[in-house]
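Below: one structure, written as C-alpha cells.
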Amino acid sequence: MNNLIFLRKFDLINPTMDEKNDFMIAEINDELECGDIGNIYTNDVLFEHDLVKFIPEEVAKHHPLWVIAVGNSATVAQRLKRQRKILINPKVEFNDLNNISEFDRCYTYGFFDKNHEEDYNRFQSVYPNSAWYCTSNCIFLFTIKDIVKAIITEDE
C-alpha cells in the first residue's frame, strides 16, 4: 500500500513518567496494529525533524495515495493540498480553513476525541467527513483502524 502514516511527535516539556509511558504504549500499539495500512513514521524518526518541513517533503518524495496523521503530525498534514488525508486530533485554526478545494473537502477525514471539541467544531464547518467521539478521552489510530481501512480501500 502506498500510504504514509505520521504518528504523533513527542513534544511534552517536562513530562511525567505516566505521560511518557502512555505515549510509548500508544505508539507501540499503533505500530503493531496498523503496519499493514502503510509506512509508519514513529517518534524515533519524527523527533529529529521539523514537522512543517519534513511531512510535505516526505509526501512530495513518495507520492502516497493517503496520508494518515496523528496529533501534531495531523496539524501539519491538514495543510497539504490535493492530498487524501485522514487526521486524528489535529489542532485546527481558522486560517487552516481558507481556500479549501472541493477535492480536499471530499478527501479529508477528521477524527476527534472529547478533548478536541473546539477543533472538531472548526473542522466540521468546512469538511463533511468528520467525527467527534464525545465520550472518549483519547482516540488512537489503532482504535479506529477498521474505519481507516474502510476509507482507504473504498478508492481502490
Side-chain angles (χ1 to χ4, degrees), residues 1-13 15 19-93 95-97 100-101 103-113 115-116 119-120 122-124 126-127 129-133 136-156:
M1 265 184 204
N2 184 25
N3 303 311
L4 298 181
I5 301 170
F6 296 94
L7 297 181
R8 188 175 143 238
K9 180 178 177 179
F10 191 74
D11 61 355
L12 296 178
I13 298 169
E19 290 171 325
K20 290 179 189 176
N21 288 337
D22 289 347
F23 177 86
M24 289 188 326
I25 290 168
E27 184 176 73
I28 289 168
N29 282 333
D30 281 344
E31 205 172 358
L32 291 174
E33 294 291 325
C34 303
D36 61 331
I37 296 174
N39 297 324
I40 298 178
Y41 292 79
T42 64
N43 186 61
D44 289 343
V45 174
L46 299 174
F47 188 75
E48 61 193 54
H49 295 285
D50 175 4
L51 295 181
V52 173
K53 293 179 182 175
F54 181 70
I55 290 175
E57 287 172 357
E58 289 299 293
V59 170
K61 184 172 23 173
H62 297 287
H63 305 288
L65 182 58
W66 285 92
V67 168
I68 302 154
V70 180
N72 48 16
S73 292
T75 301
V76 172
Q78 78 177 321
R79 297 179 189 126
L80 297 170
K81 302 294 183 195
R82 300 220 37 92
Q83 174 64 59
R84 290 173 168 89
K85 319 177 263 292
I86 298 172
L87 311 171
I88 301 170
N89 289 327
K91 180 73 178 146
V92 181
E93 301 292 336
N95 290 341
D96 298 326
L97 304 175
I100 305 299
S101 72
F103 178 91
D104 289 321
R105 281 179 36 78
C106 290
Y107 292 103
T108 301
Y109 292 77
F111 298 89
F112 300 84
D113 59 35
N115 297 317
H116 293 84
D119 296 308
Y120 164 75
R122 288 182 188 144
F123 188 90
Q124 62 86 30
V126 173
Y127 298 101
N129 301 313
S130 55
W132 180 43
Y133 292 80
S136 180
N137 286 328
C138 198
I139 58 171
F140 303 98
L141 177 57
F142 71 89
T143 60
I144 61 167
K145 175 186 176 183
D146 291 337
I147 297 168
V148 170
K149 280 183 144 183
I151 291 168
I152 64 178
T153 55
E154 188 176 293
D155 276 350
E156 292 179 349

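From Ile139, atom CD1 reaches atom CD1 of Ile144 across 5.0 Å, with rounding to the nearest 0.5 Å. We find the NE2-SG distance between His116 and Cys138 to be 8.0 Å, quoted to the nearest 0.5 Å. Distance check: Ile68 CD1 to Leu141 CG gives 6.5 Å after rounding to the nearest 0.5 Å. Residue Asn21 holds its CG atom at 10.5 Å from CD of Glu19, rounded to the nearest 0.5 Å. In this structure, the separation between CG on Leu51 and CZ on Arg8 is 11.5 Å, given to the nearest 0.5 Å. Atom CG of residue Leu65 and atom CG of residue Asn2 lie 7.0 Å apart, to the nearest 0.5 angstrom.
For Asp104, the salt bridge (Lys or Arg N to Asp or Glu O under 4.0 Å) test picks out Lys85, with sequence neighbours left out. The side chain to side chain donor-acceptor pair (under 3.5 Å) check on Glu58 picks up Tyr41, Lys61, His62, with sequence neighbours excluded. With sequence neighbours excluded, the residues satisfying side-chain contact (heavy atoms from CB on, under 4.5 Å) with Ile25 are Asn29. Remark: Lys91 pairs with Asp119 by the salt bridge (Lys or Arg N to Asp or Glu O under 4.0 Å) rule, at least two apart or across chains. Applying the side chain to side chain donor-acceptor pair (under 3.5 Å) rule to Asp30 yields no partners; only residues at least two apart in sequence or on another chain are considered. In this structure Asn129 satisfies the side-chain contact (heavy atoms from CB on, under 4.5 Å) test together with Tyr109, sequence neighbours excluded. In this structure, the ring-ring contact (aromatic ring centres under 6.0 Å, His included) partners of Phe142, at least two apart in sequence or on a different chain, are Phe140.
A donor-acceptor pair under 3.5 Å links the side-chain atoms of Arg122 to the main chain of Val92, judged by distance alone.
Here the side chains of Gln83 and Pro64 are in contact, with some heavy-atom distance below 4.5 Å. The closest side-chain heavy-atom distance from Phe103 to Lys81 is not below 4.5 Å. Considering only heavy atoms from C-beta on, Ile151 comes within 4.5 Å of Trp66 through its side chain. Residues Phe123 and Leu87 are in side-chain contact: their nearest non-hydrogen atoms beyond the backbone lie under 4.5 Å apart.
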query = What do the steps show when you test Phe54 against Val45 for side chain to side chain contact (heavy atoms under 4.5 Å, CB included), and what is the final call?
reply = CA-CA 10 Å; Phe54 181 70; Val45 174; 3.8 Å; yes
Full working for side chain to side chain contact (heavy atoms under 4.5 Å, CB included) between Asn43 and Leu7 = CA-CA 7 Å; Asn43 186 61; Leu7 297 181; over 6 Å; no
request  = For Asn137 and Asp113, run side chain to side chain contact (heavy atoms under 4.5 Å, CB included): C-alpha distance rounded to whole Å, both residues' side-chain angles, the deciding distance at 0.1 Å, then the answer.
outcome  = CA-CA 6 Å; Asn137 286 328; Asp113 59 35; over 6 Å; no
task = I would like to know whether Phe10 and Met24 meet side chain to side chain contact (heavy atoms under 4.5 Å, CB included); could you show each step before the answer?
result = CA-CA 9 Å; Phe10 191 74; Met24 289 188 326; over 6 Å; no
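Under the 30°/60° scheme for interplanar angles, the aromatic rings of Tyr133 and Phe111 are found to be tilted.
Among residues at least two apart or in separate chains, there is no salt bridge (charged side-chain N to carboxylate O under 4.0 Å, His left out) pair with a member in residues 39-55. Here salt bridge (charged side-chain N to carboxylate O under 4.0 Å, His left out) pairs that include residues 137-148, with residues two or more places apart or in two chains, are Asp36-Lys145. Among residues at least two apart or in separate chains, side-chain hydrogen bond (donor to acceptor under 3.5 Å, both in side chains) pairs with a member in residues 70-79 are Asp11-Asn72, Gln78-Asp96, Arg79-Asp96.
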